[in-house]
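See structure below.
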Number of protein chains: 2
Amino acid sequence: MHAQEPALNPREQTILHAVVHSYITTAEPVGSRTVVKRFGLELSPATVRNTMADLEEMGYLQQVHTSSGRVPTDQGYRYYVDYLMRVQELTEAERQRIEFEYTQKLNDADDVLRQTSHLLALITHQAGIAEAPNASSASVRRIELMPVSHERMAVLIVDNFGRVRSMLVQMEEALNGDRLSTLSNFLNEQLRGVAVHDLASTLNSRLKMFLDEQRRLAEHALQVLNLMPSTRAGQVYLEGATLLFEQPEFRDIDRAREVFGLFEERDRLVDLLRSAVGEAEQARGTVIIGAELHEKGLEGISVIASPYHLDGRAVGAIGVLGPRRMPYQRLTAIVDYTATMVSRILTRLGG
Amino acid sequence: MHAQEPALNPREQTILHAVVHSYITTAEPVGSRTVVKRFGLELSPATVRNTMADLEEMGYLQQVHTSSGRVPTDQGYRYYVDYLMRVQELTEAERQRIEFEYTQKLNDADDVLRQTSHLLALITHQAGIAEAPNASSASVRRIELMPVSHERMAVLIVDNFGRVRSMLVQMEEALNGDRLSTLSNFLNEQLRGVAVHDLASTLNSRLKMFLDEQRRLAEHALQVLNLMPSTRAGQVYLEGATLLFEQPEFRDIDRAREVFGLFEERDRLVDLLRSAVGEAEQARGTVIIGAELHEKGLEGISVIASPYHLDGRAVGAIGVLGPRRMPYQRLTAIVDYTATMVSRILTRLGG
DNA sequence: GTTAGCACTCCCTAATCGTGAGTGCTAAAT
DNA sequence: ATTTAGCACTCACGATTAGGGAGTGCTAAC
């Protein structure tokens, strides 16, 4: 998308880096004096001013008002993230901290991702987001039918993430135990390994192949499957939303309101995360800055996201959400590392 | 708690009522002129002023600063709610609206309560809260054991609210199908109807009664039950939190932060709701105002809560949370009515 | 190409000052 | 004995002003 970024000369790079870095840590517009002092440059403020004016003209910096210090634009952050920042690898302590958080009893993928959102919030001090493995990559490991009362039964599906989906379905006719177990066996034979969200279509397409007894079973099974509510939308865990209140950019109620509005619409949140990791199909995480989100009202925020994998396939994503002014060099490393942890744990869980 | 409320004479009541009512609708301190004008009293402002000074002395009203209009205190709201307000019954349209929201497909109690929090937020324009039936009132309707892999199995418990709890447990020794179904039958015979949160203790207490084969089964079952994670804490649904931003009392970031902090601690939210309905064991809803919550930082908010029932027992609660300045006369009716709806639907579901 | 010097811009804060809503008090009216 | 009119007083709020400070752009010297 930003393929041939106009090249900046070394001095411009140094100064852009300094401005972004300084602004990220202090949240104050950065003046020329500050740049030379805090970064020990062998230049005078006047020279820096000239360069800063150039950077502004090229769209990397911006003044909040005439004759104030400079602040990075989206483009400035982008250049910083892509070319300037030195990714700050985790310390051994941080690594151990993260691994420690996963030593708790985690029964299924949902537990793992809930814990992940918690962990991300805690360690990054931003809002932590974790999407549960998406329905299209969940496959059936086992199906069970379980009578609950005369006219109702529970359909239970354990998927390859250890999660149990359960649905109560109304039966038209009472099924005796034998019939039920026959049906159950049939479903397991036919549908093991099939993706959860196209059970019915799979069975349907095989319908012609069956004869007699099998066909009757299949038709009966289809009735049941069709009664199932459509698989729930992408589940997403969010934690640490209130941490955002500590950032000065959210002192403004109306901005805060926008973000919290997003947090209540879980679907949008999932979309955001997916489009973030979707844009770059790579294993590494992605950073999406401000207007790049293409979300009205969320121009002030950034998202750092990273996909996690099972059997080499990306099946979901995790990340953090916070103000544009984020310590990217630290957070990208944390999010990436956490994503690999999630992958590893899910693999163990799926074994 | 407020047993012998000092009696107010009719005029004091009228004026307190007027002040509270006016403040609730306008969010502005109420002056003596406003009272006579907006409520068409046959009194002069001066008289009203005298009475207001009396009410202030008695603790029902308060001035935000010398020589400003009056604002109700907690005690003022309390008197209003307990003695003055006329509960505003729902219109037929509102009734139908609520019932309509429950015509959607609701599979189990969790669905019902999620929908309830949504509905309450929508219709009251406050934050809607709904606690899922608490674990102590959930009893086992059926237990199923389901092998998932060689060394793991899923324990599935359907409760009387139609909910399925599932846990994966590690097995020490592989169980063949026969052994598993024997165990499963045994569990169902022994534990049907027992409260979910004391399955293990029930079985334990009966242990002496068993002989030989039964005893071995029971011991095996206990191993399994003890591996189960302790039943999750009270699940609670919350929706419409961002609606609070529209209220002027939450223009102040720090106050907003307190409340949103509460919203992230679901346990505290459950406690709040429980203590609210717990204080008065009655079927009707309760109103808890400001400092009565005994929660630091939440002096500015009120909660209206109402329990819902199954088989005559209160098994959970729903409610709304918002600024102290709330249209109680309307909201109490809505919350109460919704609670009876929830009771009705759960009964149907549990049939 | 770099830097010192300087005038200029604009935010921020504090201080000042009406204005208006609302009060408490007193004395007159009912 | 209440109730009310009259009046001086209080205090928040908004607009205005002034001073200080951080930072800029530009020009001219290095």
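Remember, it's a predicted structure, so these values are computed and weren't measured experimentally. All chains are named by letter (A, B, ...) in the order of the sequence lines, taking the proteins before the strands, and each is independently numbered beginning at 1.
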Practice task
Taking ring pair (Phe, Tyr, Trp, His ring centres under 6.0 Å) as the test, write out the residues that go with Y80(B), two or more places apart.
Solution key: H17(B)

Fill in the blank from the handout: Ordered by number, residues from residues 246-254 of chain B within less than 4.0 Å of DNA chain D (heavy atoms) are none

Handout entry: Length of the line joining L41(B):CG and dT4(D):C1', which is rounded to integer Å
Key = 15 Å

Completion exercise
For R266(A), the side chain to side chain contact (heavy atoms under 4.5 Å, CB included) test, sequence neighbours excluded, returns V236(A), L238(A), L269(A)

Practice task
Only counting residues at least two apart or in another chain, list the ones meeting side chain to side chain contact (heavy atoms under 4.5 Å, CB included) with A291(B).
Solution key: D74(B)

Problem - Residues which pass ring pair (Phe, Tyr, Trp, His ring centres under 6.0 Å) with F263(B), listed by chain and number, not counting sequence neighbours - result: F260(B)

Per-pair distances, 0.1 Å, donor-acceptor, side chain in residues 247-254 of chain B, under 3.5 Å, sequence neighbours excluded:
from	atom 1	to	atom 2	distance (Å)
Q247(B)	OE1	R325(B)	NH2	3.0
E249(B)	OE1	R325(B)	NE	3.2
E249(B)	OE2	R325(B)	NE	3.2
E249(B)	OE2	R325(B)	NH2	2.7
D252(B)	OD1	D254(B)	N	3.4

Fill in the blank from the handout: With sequence neighbours left out, the residues meeting side chain to side chain contact (heavy atoms under 4.5 Å, CB included) with R33(B) are K37(B), P45(B)

Practice task
Applying side chain to side chain contact (heavy atoms under 4.5 Å, CB included), name anything that partners V71(A), two or more places apart in sequence or on another chain.
Solution key: Y23(A), P29(A), V64(A)

Practice task
Would you mind building the protein contact string for nucleotides 6-30 of chain C? One character per nucleotide, 5' to 3', B for base within reach (heavy atoms under 4.0 Å), S for sugar-phosphate only, - for untouched.
Solution key: ---BSS----------BBB------

Handout entry: dT3(C) OP1/OP2 closer than 4.0 Å to side-chain N/O of S44(A)
Key = yes

Fill in the blank from the handout: Between the CG atom in D267(A) and the CG atom in L262(A), the distance rounded to the nearest 0.5 Å is 11.0 Å

